[in-house]
K.L.:
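Sharing a structure with you now.
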Amino acid sequence: KRFAARACAPPAGRSFCLDFEVDRDMTKDTFCAYFRGARAGPPAGRSAEVAGKVTFLSWAPSYYRSAPGATRGLRHQLDDASSCAAWRLIARILRDRPAGAGVGPAPGGSGFLVVTEGYGGTCPEQERRHEVGRLPARETREVLALLDYRQNRSATPLSPRKREVLF
C-alpha cells in the first residue's frame, strides 16, 4: 500500500511567531519563539534553512519567587530540523482544529497557543494571527518537546550577556 504524502504550505512571509504558555500549580511557563527562513538562497541541492529563537520564562507570583536577581528566563536557538518540525506541527494543529475550539477552563498542564504568520516580515499586510487557544495534553507535550530546552537536546543556549538582534 502507498501512503499519502502530507505537505504543508510555508507560513505567510516565510516567518512565524509562537506565543505558548503552560499553567502549572503556582507557576506559568511561557515561551515566545520566532522563526524565519534564511535570507540567502539555499545551497545547491538543499532546501532553505529556518532559524528559530526561543525566549523561555518561568513566571511565579512575587511571594513564591526565589532570591532577588535569580534567573528565571533563558534564550536558546533551535536548529533547522526542530524549526521545520515546529512549523509542521503548527500547520497540523491549525488544519485539524475547528474555529473556536480550545476555549474554556484549562485542565492542569494544558498549553495555550497563539500563532502569528508573517511576523516581523517586510510586508505587514501578510501578517495573520491565529488564536488557537487551549491545547489538549498530547499536543501540549508535542509543542514542549520542540520549544522547551529541557526536552529538546538540539536547543543551544544563547549568551545572556550579549545583546543581539533576533534576526
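Since we're looking at a predicted model, the values are computed, not measured.
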K.L.:
List the atom of Ser83, the atom of Phe16, and the distance in Å for their closest heavy-atom pair.
P.N.:
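Minimum heavy-atom contact is O-CZ, 4.3 Å.
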K.L.:
Is Arg129 salt-bridged to Glu127, cutoff N-O under 4.0 Å?
P.N.:
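Here Arg129 does not pair with Glu127 in a salt bridge, since their nearest N and O are not under 4.0 Å apart.
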K.L.:
Side chain to side chain contact (heavy atoms under 4.5 Å, CB included) between Arg141 and Gln151: does it pass, once the steps are laid out?
P.N.:
CA-CA 10 Å; Arg141 286 190 303 272; Gln151 297 181 36; 6.0 Å; no
K.L.:
Distance from Thr27 atom OG1 to Trp59 atom CH2, nearest 0.5 Å?
P.N.:
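So the gap between those two atoms works out to 9.0 Å.
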K.L.:
Taking all non-hydrogen atoms of both residues into account, name the closest pair between Cys17 and Cys32 and its distance.
P.N.:
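The pair with the smallest heavy-atom distance is SG-SG, 4.2 Å.
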K.L.:
At what distance, to the nearest 0.5 angstrom, does CZ of Phe56 lie from CG of Asp148?
P.N.:
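Going from the CZ atom of Phe56 to the CG atom of Asp148 covers 6.0 Å.
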K.L.:
Kindly compute the distance separating CG (Leu144) from CZ (Phe20), expressed to the nearest 0.5 Å.
P.N.:
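If I round to the nearest 0.5 Å, the distance is 4.5 Å.
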K.L.:
In Å and rounded to the nearest 0.5 Å, what is the CG to CZ distance from Leu57 to Arg75?
P.N.:
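Interatomic distance, Leu57 CG to Arg75 CZ, rounded to 0.5 Å: 13.0 Å.
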K.L.:
Would you tell me whether Asp79 and Ser82 have side-chain atoms, one donor and one acceptor, within less than 3.5 Å of each other?
P.N.:
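Yes, a side-chain donor-acceptor pair sits under 3.5 Å.
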K.L.:
Look only at the side chain of His76 and the backbone of Leu147, and say whether a donor-acceptor pair between them is shorter than 3.5 Å.
P.N.:
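Judged by distance alone, yes, a pair lies under 3.5 Å.
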K.L.:
If we only count heavy atoms from C-beta on, is the Ile93 to Val115 side-chain gap below 4.5 Å?
P.N.:
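No, every pair of side-chain atoms sits at 4.5 Å or beyond.
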K.L.:
With a 4.5 Å limit on heavy-atom distance, are the side chains of Leu113 and Ile90 in contact?
P.N.:
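A side-chain contact under 4.5 Å exists here.
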K.L.:
What is the distance from atom CZ of Phe31 to atom OG of Ser58, rounded to the nearest 0.5 Å?
P.N.:
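Atom-to-atom, Phe31:CZ and Ser58:OG are 9.0 Å apart.
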K.L.:
Give a yes or no on this: more than 12 heavy atoms of other residues, nucleotides or ligands lie within 6.0 Å of atom CZ of Arg150.
P.N.:
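Yes - once you tally the heavy atoms of other residues, nucleotides and ligands closer than 6.0 Å, there are more than 12.
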K.L.:
With heavy-atom distances below 4.5 Å as the criterion, would you say the side chains of Leu146 and Leu78 are in contact?
P.N.:
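When only atoms from C-beta onward are counted, Leu78 and Leu146 do not touch, as no gap falls below 4.5 Å.
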K.L.:
Evaluate the criterion side chain to side chain contact (heavy atoms under 4.5 Å, CB included) for residue pair Glu117 and Trp87; output intermediate values, then yes/no.
P.N.:
CA-CA 10 Å; Glu117 293 182 67; Trp87 177 249; 3.8 Å; yes
K.L.:
Looking at CG of Asp23 and OG1 of Thr140, how far apart are the two atoms once the value is rounded to the nearest 0.5 Å?
P.N.:
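Answer for the CG-OG1 pair, Asp23 versus Thr140, is 10.0 Å.
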